Amino acid sequence: MSSRPLRLWIMPTQLGSLTSHVAAKALRGFSKRNPQVELQIRVLPWSIAWREILKALKRGEPPDVLQVGTTWMGTLSHLGFLEEVPDWVEERPCLAPWLDEAVQFRGTRQGVPWLAECSGLIARADMLDILKTTPEDVATWERFLALCHSIAEGARRDTIDPMRPLPVGITCRPEPVTLHNLASWLWAGGWDLSTLLNGHSAILSHPSARPGFEILRDLLKVNRTQNDMGAIQPYRLSQDFYEEGRFVFLIGHSWRIVRGLLDPSSAKELNWPITYLPIPAGPAGAVQRGGGSVLVVPRNGSGGDAAWTLVRHMISDEFMAEWSLASGDLPAHEGAFWSDEGRAESLRPLRQGIQNARIYPAHPMWATIESILGRGLSDILWSILAGESIDDRTRKLALNVDEELNALLRLGWDMSAPS
Amino acid sequence: MKRLYPKDLGHVGTEAALQLCGSDTSYRAFQAAGSVILKGMVDAIEQVRIYLLDAKNGVLCEETLVDHQGGMEGSDLIPIYQLPPELTKEHAVWQHALGTQFEVLVPLVSEGALIGLVAMVSFQSFPAEILQKLPLFAQSLVVGVVLVQRTRQAKRSESLLKAATTTARALQSSDTAETLLGNFALMAVEEMGFDRATFVVFEDDGHSIRNVICARTGSGLIALDALPCIPSMDETPQNHLPGLWLPMRKGSQLLGALFVDNLYSIEPLPEDAVQVLADLSGQALLALENSRLIDRLREAALRDDLTGLYRPNYFNERALEELSNCQRRGDSTGLLMLDLDHFKDVNDSWGHPVGDLVLVRLAERLRACLRVGDIACRKGGDEFIILVPGLNAERGRKLAERLLEDVWDHPVELSGGRQIRISLSIGLALFPEHAGSWMDFWQRADDALYRAKAAGRGRYCMWGEDPVPVLEGSRKA
């Protein structure tokens, strides 16, 4: 036995508190092959994970292996907290070039892409059948909006009627997930965050953000979203969709669809069949937001080769088969999951979505940028809900966000200093 | 199915408050309190969430979420303005439908101000008699919540105090201002837990930057390739950015400023950090001030009163250092000896004050022609000596020519539009090419100067070579 357990920190899957059981089960193979290693797993809620991880790294007491979001890599690499990945850890290529780019820092590979995702429209397939809707009907903003109008005409607003649902669930909460769900719409409107962050004083107030605000305004309007619905927690919103059938569309994550594909018995748990559709194309085309998770080994950890062996195991077909089955998460690497002939066709839209996805810029201060944008976007949507004008109030709020972002960017005097 | 509620809701609140007081971490405390509320409500509710107010940002932060499957650390944020005013202003219990469920929000109020919120979710509408009793439940719970808040604050203060003590010790053991500021920045990052600490030291004008010292978590002290963008020190910091500028003033003069931040971790800055940092900055300020005074005295002692060039003693020290550096680098160093041509005539014709003015102007021209690392010294009277690191024969000749021409081309202006043109003689030697020791080096340059003067002035002479006339004909004093 080694003197100290190998500590792994991960974040919950959509299964919430069951995540640690799923992880322990999926890691049995690793424990069997490495009996000398005692594994200790901690599941951190996503919302506090960033701070907890930074706290541990700053104190010099990090775990041996960590799951981090792709957008966190810029900061952790910049601060010099991560080990370089040894050549022997990854055997297969990643699914998309952006997954490789997300872990590169000044010519070195600082993490191993683990899970990949892309935003999309999750739709109730039963309602699409009733409405005789084809994928082309949701291919562009105009068509999607027209479809939402026709759904709204028959919807009940006084109560929840799963057979007369509202068009689309949108929440305005000031949380990162609001930004994650709505970024694709802003991007499809022509808003290019990466370019704007790189030396422009107008970011959210840039004219290219306006088409995105307009489509979001129209969607909130056609939904006749009231304040109480705008204030719904994103988790609650998805419950309203999955459990209560309140909406035809939800902007979100494909995990339930993947689980249904891998384990048909889990599809039976759903009250309605669901399907994945890409976010409709706006004036600047169709843009899905890509993201996911990376496994990293902190520089001050004491796991050594055992830590990298664990990472290698966690991207293996053996581990991912178990993990994806339980969680609906998608592997970031090519492998048995993606090449299985039986499901390749069903997974094709997701695979294409991931391969063509756009990611947030890998900025060292991304966590702060994300929190400012998330809060700002929430304020803007809330003002739209209150019936305020895009030209007036929304613009003022966007200017406030930009002022704050620019104040932050001016403080980045150590951006190019070596780690 | 009709739901059962407990008869004594106040008792449930008290039991939950006791849980808040009894656990070792606030995470466990809130989870235990949430469980007590869930169980105490006799299965009438499905979920309990407890929020505390972050008054600075106007946001309610979820501390725990407990349901019948268990509990977890909360992650939800609710901006105050997104809640109905009857709840936030009038502190009334507020019920609303959530799909097929119902949610009741119970404000937690202490001394007339909202400090938190309990959210309970049920599959049935909450009966009116229960809604009426919930304020009593909240009152009982508030006692425990206030205690948790105070304990948290006390823990934060204790940890900050410990860090401040360690920092103060490190500051006491720093011998120079530079080390002290470096140690301060490092301690702010390593002990006090900030992401970055940046010290900016200003010149005497209070805005030009003299020096910047920056420490960053994970990297220690780092060299910056961009100067910090300093805001006006009277500016209110951005509300949401976890960063803070602390100006360090002596009277109205701005000597320096410390910026600490958590821009990477977005961890809020500890509330009492400002005072602790201000106290520690006082120590740093004192050291900075002393160091400036010492620098000024030292400079004054090293420099010639009239010309501001270095005195011979200091020049000799620096020259010896430079010769050993030169040997290590494996290149060469030049020594130029300068003498004003016919300076005695200037004194005799124009008087000593004009002679002094000529020396001052010559020193100004030398400074204008030399690089930062070159060392110029007034040897005495009208004799000057310059040490030029990295100088080779070719560049030495060019430099001597340039000095002769520059000084000639900039005559000394006197009152009434009168001018005095100055010519020089320069002797030049190279180390180690011409000499193996400081004494020999000096002697070679002196010999070369003698030859330049003897050959007719307005010339330079490289040791071992013939003097070269630069100022000829009318360009010669």
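Computed from a prediction, not measured in an experiment: that's the story for all the values here. Reminder, nothing fancy here: chain letters follow the sequence lines and each chain counts from 1. Both backbone and side-chain heavy atoms feed into the values below; hydrogens, waters and symmetry mates do not.
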Practice task
Please lay out, stage by stage, how A:Leu54 and B:Glu267 fare under the test side chain to side chain contact (heavy atoms under 4.5 Å, CB included).
Solution key: CA-CA 9 Å; A:Leu54 254 286; B:Glu267 187 76 29; over 6 Å; no
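When each of B:Val59, B:Asp261, B:Thr198, B:Val189 is checked for heavy-atom pairs under 4.5 Å with chain A, B:Thr198 comes out on top. Note: A:Pro364 leads A:Gly60, A:Pro364, A:Gly412, A:Ser371 in heavy-atom pairs under 4.5 Å with chain B.
Taking the six-membered ring for Trp and the full ring otherwise, the centers of A:Trp413 and B:Phe259 sit less than 6.0 Å from each other.
Both the backbone and the side chain of A:Leu411 come within contact range of chain B, judged by heavy atoms closer than 4.5 Å. Interface remark: B:Ile78 contributes backbone and side-chain atoms alike to the contact with chain A (heavy atom separation under 4.5 Å).
Here A:Met365 contributes atom CE and B:Asp195 contributes atom CG; the two are 11.0 Å apart, rounded to the nearest 0.5 Å. Atom CD1 of A:Ile369 and atom CD1 of B:Ile266 lie 11.0 Å apart (nearest 0.5 Å).
A donor-acceptor contact shorter than 3.5 Å links the side chain of A:Thr368 to the backbone of B:Leu263.
Residues A:Leu76 and B:Tyr264 fail the side-chain proximity criterion, which asks for heavy atoms closer than 4.5 Å.
Nearest heavy-atom pair across A:Pro174 and B:Gln82 is CD-OE1, 4.2 Å. A:Arg299 approaches B:Gly218 most closely through the heavy-atom pair NH2-O, 3.1 Å. Considering all non-hydrogen atoms of both residues, A:Lys58 and B:Gly193 come closest at NZ-O, 2.7 Å. Among all heavy-atom pairs drawn from A:Arg51 and B:Ser265, the shortest one is CG-O, 3.6 Å.
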